[in-house]
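Everything below concerns the one structure shown next.
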Amino acid sequence: MDPRSIENSLRADIAACTTPEELEAARVKYLGRKGVLTSFLRAIGEARPEDRPRLGAETNRLKALCESLLAARRAQLGAADDRAGYVAPVDGTLPATNGVSGRRHVISLTFRRIGSVLEGMGYRLARGPEVELEYYNFQALNFPDEHPSRDLQDTFYVSNDILLRTHTSPIQVRYMQEHKPPLKVYAPGRVYRNEALDASHQAEFHQVEGLYIDTDVTMADLRGDLLLFLRDLFGSDIRVRFKPHFFPFTEPSVDVDMSCFNCHGGGCVICGQSGWIEILGAGMVHPNVLRAVGIDPDRYSGFAFGVGVDRIAMIRHGIPDIRMFLTNDLRFLEQFTER
Ligand code: PHE
């Protein structure tokens, strides 16, 4: 073997070592008593006399090279070993990464907004069950059995007498059974109807009911409260108009439009070019409803109104499809924050 091929093979062998044991084997292979370099040195005695000094010097160079390569490789492997056991210190002063935090649903935010406006106007909170007696949802509200107006509020029946409420109006009846006039309440909640689903109809949606009963309450009071309420929500230049309508539990009944907050009546995409937005139903509480709860209709009168919360949220935020509220898409829900 010549010095050049010895050098090549010892470089390759040492570079291939990955453990201290392999390094030791390589050392023995080249530097051991019967190792490659030792044998080579002994063989010099058989070379021609004039070649001996050069071969001797070459062997010493290879021995030194082998030792330094072994030492370098040992240091490399040792460093890798150290890194494997390395644990980075915790720096408690670094800024925290942002965690995922929850937020209120846009419908909850709208409930809160509506509630705070009405509370500011003297309405107190009332509540009632979502699983309701047929009596409170229909009968006591002057819907006769078999009356066609029930078809507009087809719902999900638990039994003949028990159903998922179709509106928040049954809370009026429950509240008036328990309290004497004068009374002024608002009743928020979830309601259900057996609807064909589309961009503006969903089987589960939300309403807020308003009710005010006292002596001498008139439609002018209703109009005044609705103006205050809608101006607080949509802007101080909002106007309202009443259109005749029918609800069994109010007489007279009205559909309430507000002037478009976007175009102020000129016509735009939001109001369908009409300048007006249909926003709620209302009316003077029907004498039959007052009688059903033991309030004398000759002494007391009052008004009620029902607001669609989903519709208010859609109009306020420009939401095109009511179904977005219940699909739980975070890309949608994350856009709404408390204001
Ligand atoms: N309860 C009616 C509905 O859901 C709305 C309404 C409430 C109308 C109060 C008049 C008075 O359609």
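For ligands, and for the atoms within them, numbers begin at 1 and follow the listed sequence.
- Taking the six-membered ring for Trp, Phe249 and His167 have ring centres closer than 6.0 Å.
- Side chains of Glu209 and Tyr186: no donor on one and acceptor on the other come within 3.5 Å.
- Side chain of Asp232 to main chain of Phe229: no donor-acceptor pair is present (N/O by atom type, distance under 3.5 Å, no hydrogens or angles).
- Of all the atoms in ligand 1, the ones that sit under 4.0 Å from a non-hydrogen atom of Gln207 are 3 (C), 4 (O).
- Residue contacts with ligand 1 for Ala282 involve N, CA, C or O but no side-chain atom from C-beta outward (heavy atoms, distance under 4.0 Å).
- Looking only at atom types and distance, the side chain of Gln76 has a donor-acceptor partner in the side chain of Arg73 under 3.5 Å away.
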**Request:** Output, in order, the C-alpha distance, side-chain angles, deciding distance and verdict of side-chain contact (heavy atoms from CB on, under 4.5 Å) for Phe325 and Asp310.
**Result:** CA-CA 8 Å; Phe325 292 129; Asp310 306 67; 3.7 Å; yes
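- Atom numbering of ligand 1 starts at 1 in the shown order; those under 4.0 Å from a heavy atom of Ser169 are 1 (N), 7 (C).
- The Phe305 neighbourhood of ligand 1 comprises atoms 7 (C), 9 (C), 11 (C), with distances under 4.0 Å to a heavy atom of that residue.
- At least one N or O atom of His167, backbone or side chain, sits closer than 3.5 Å to an N or O atom of ligand 1.
- Among protein heavy atoms, atom 9 (C) of ligand 1 sits closest to Glu209 OE2, 3.3 Å.
- For ligand 1 and Ala304, the ligand atoms under 4.0 Å from any heavy atom of the residue are 9 (C), 11 (C).
- No side-chain donor from either of Asp161 and Ser159 sits under 3.5 Å from a side-chain acceptor of the other.
- Under a 4.0 Å criterion applied to the non-hydrogen atoms of Gly281, ligand 1 contributes the atoms 6 (C), 8 (C), 10 (C).
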**Prompt:** Should Leu211 and Met176 be marked as a side-chain contact (heavy atoms from CB on, under 4.5 Å) after you check the CA-CA gap, both sets of side-chain angles, and the distance that decides it?
**Reply:** CA-CA 10 Å; Leu211 174 73; Met176 288 190 287; 3.9 Å; yes
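- Within a 6.0 Å sphere centred on CG of Asn8, other residues, nucleotides and ligands contribute more than 12 heavy atoms.
- In this structure, atom 5 (C) of ligand 1 lies nearest to the protein heavy atom Gly306 CA, 4.1 Å.
- Checking side-chain atoms of Thr250 against main-chain N and O of Ser253 turns up no donor-acceptor pair under 3.5 Å.
- Here the protein heavy atom with the shortest distance to atom 2 (C) of ligand 1 is Phe249 CZ, 3.6 Å.
- Ligand 1 has no nitrogen or oxygen under 3.5 angstrom from a nitrogen or oxygen of Thr250.
- Below 3.5 Å of separation, one finds no N or O of Thr166 facing any N or O of ligand 1.
- Among protein heavy atoms, the minimum distance from atom 3 (C) of ligand 1 is reached at Arg193 NH2, 3.6 Å.
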